[in-house]
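Before any comments, here is the structure.
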Protein chains: 2
Amino acid sequence: MLPRTIDWDGGRIVLVDQTALPELAVTAVGDVDELVDAIRRLVVRGAPALGVAGALGVALAAYTSTGAEFDAACDRLAAARPTAANLAGGVARAGAAAPDGPDAVLAAALALRDEDIAACRAIGARGAALLTELCGPGPLRLHTHCNAGAMACVEWGTALGVVRSLHEEARIDYVVVDETRPLLQGARITAVELAVVGVPYRVVVDGAGASIIARGLVDAVVVGADRVAANGDVANKVGTYPLALAAARAGIPFVVAAPESTLDAATPDGDRITIEERAPDEVVAGRPAWNPAFDVTPHDLVTAVVTEERVWRW
Amino acid sequence: MLPRTIDWDGGRIVLVDQTALPELAVTAVGDVDELVDAIRRLVVRGAPALGVAGALGVALAAYTSTGAEFDAACDRLAAARPTAANLAGGVARAGAAAPDGPDAVLAAALALRDEDIAACRAIGARGAALLTELCGPGPLRLHTHCNAGAMACVEWGTALGVVRSLHEEARIDYVVVDETRPLLQGARITAVELAVVGVPYRVVVDGAGASIIARGLVDAVVVGADRVAANGDVANKVGTYPLALAAARAGIPFVVAAPESTLDAATPDGDRITIEERAPDEVVAGRPAWNPAFDVTPHDLVTAVVTEERVWRW
């Protein structure tokens, strides 16, 4: 069994320590500043998980502080990773219940947790139905990149939620997992998730993904998304775009599984998405490097975007 | 200055120790069994360099042994890496001069060395002329994968020979170098070669190559080849194919630079090329992995194959 990535247990927050992966170590956090530290050290990561972490952190604060002390704790939480919109959103949502007392704050945080679980389950079921329509009953050979799994959410995952929904019906042959350089989220996180839930998989270097598809070894590609523009262009972890090119050439589906919160109607197309450039030392020590964190897959290469509410095709 | 990858100096073979890269360490080898060991440990690698190593090794043997002892030394050399056709070829070519004495053997080995140098210079000049025709005078922004450079040959290189021929005329803006997992030949070898000769470069993870091209940051892709089939399909280090897909979509040239010896008229197309599957532990320790060493780029994605004799287009 894969433990929940983040949960509440008797007054403490329990977390899978993602810095310890591939070891599956669960750690408990009993006060806000421990949680702020855990968020900063990437013990917990992934937009939905960070939202729930922020909300549960406010519950911790509500049980131990009031007034200015409580407000300051909420501010520290929201600022632990300044660019993580979900974190500040989770803090704000739980904080709005503060006038009704700490139990109300906790209830709001647990509601956010439960909504994330329900969204992942809905994405998984809808994606599984779509792949059945596109590829037949299987068993299917799927290909994924990075980690769009339980470890980025509370449980189940988005792209890996689709995998797991199919696996419940014994309809997965295997999953090809790109290792996902430079931070190796595929080899370190996705591979662990699949191993724990019993899905057969093979790790490949990122450069091998496209030719694995060309050789006929994959029925469909399923990935998550960091942002989907209004025209359907998809920003996701760098290395997603070459899989989309290969899938189009091979004539197999390229499916994006992501919550509605990822859809950004205010961004008309992928050209307007700023690509985060990270430190060159993540790629190679002491040499010049470019290290874009994301790439953009144009919508004409995307078969469908599956959310908890709909299948978006064009 | 980049020293020659392999050369003869006063009765000894001098080699750039490729196991020490990114440190540039030159080592000298004075007898055949030391050389056999160096070949086995990949101190010297790359098909053309191995051919010259075999031939110079026969010269070492010819100066110190005769008869059955000489023949046994040649056999040990040829078998040091059993699948390296160039190694056995170099041994056979130098060995054929043995009846004329050790000086004739050395002359045959040095002729092979000089032919390789001349071939690389010709490939470089022809490739530079082709890129000028296709992309204009530049300065050019090129993209390469793996190491098709001096370190795989005696000096100058094939794909990197094209880069250096352009660089001699100050016509390179920069070279994007895929790190080339799992063995990192791009980050470890190509980056060092370019740094030493003063060509500006940026290393990128393999997954980033395609989107770097899509973002308009590259004028042309130039790679080497391990084998070119009769129809122009190209087998090269895994991760080459996604660059070809991205180049085709972006409408930029995808040029293959390789010696005539790489052209395999006996293999009709890429489907008949067996893809070497290497140990999974090169990718990830203790987990299931696929580790294909090569991929095949279909000829419709290849703008031209440049050899020391011609530019092959279709």
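Chain letters run A, B, ... following the sequence lines, proteins first, then strands; residues in each count from 1.
The candidate from B:His145, B:Arg188, B:Arg202 with the greatest count of non-hydrogen atom pairs under 4.5 Å with chain A is B:Arg202. Looking only at heavy-atom pairs under 4.5 Å with chain B, the residue among A:Gly207, A:Ala191, A:Pro22 that has the most is A:Gly207. Counting heavy-atom pairs under 4.5 Å between each of A:Ala210, A:Pro288, A:Pro182 and chain B puts A:Pro288 at the top. Among B:Ala289, B:Gly239, B:Ala246, B:Ala208, the residue with the largest count of heavy-atom pairs under 4.5 Å with chain A is B:Ala289. Of the residues considered (A:Val296, A:Val205, A:Asp206), A:Val205 shows the highest number of contacts with chain B, using heavy-atom pairs under 4.5 Å.
Summarising the geometry, atom CG belonging to A:Asp295 is positioned 12.0 Å from atom CD1 belonging to B:Ile213; distances are rounded to the nearest 0.5 Å.
Using a 4.5 Å cut-off between heavy atoms, B:Arg181 contacts chain A through both its backbone and its side chain. Of the atoms belonging to B:Ile212, it is side-chain heavy atoms, and not backbone ones, that fall under 4.5 Å from chain A. Looking at B:Ala248, there are no atoms closer than 4.5 Å to chain A (heavy atoms on both sides), in backbone or side chain. With a threshold of 4.5 angstrom between heavy atoms, B:Arg215 approaches chain A through side-chain atoms but not through N, CA, C or O. Residue contact with chain A, scored on non-hydrogen atoms closer than 4.5 Å, involves the side chain of B:Val176 exclusively. In this structure, the portion of B:Ile275 lying under 4.5 Å from any heavy atom of chain A is its side chain and not its backbone. Contacts of B:Leu301 with chain A are made by side-chain atoms alone, with heavy-atom separations under 4.5 Å and no backbone atom involved.
The two residues B:Leu245 and A:Arg249 come nearest to each other via the heavy atoms CD2-CD, 3.7 Å. Scanning all heavy atoms of the two residues, the minimum distance from B:Ala195 to A:Arg287 falls at CB-NH1, 3.9 Å. Considering all non-hydrogen atoms of both residues, A:Tyr241 and B:Ala214 come closest at CE2-CB, 3.7 Å. The two residues A:Ala187 and B:Val284 have their closest heavy-atom pair at CB-CG2, 4.4 Å.
You'll find the side chain of B:Ser211 reaches within 4.5 Å of the side chain of A:Val238, heavy atoms only.
Note: B:Tyr174 and A:Trp290 meet the aromatic proximity criterion, with ring centroids under 6.0 Å apart.
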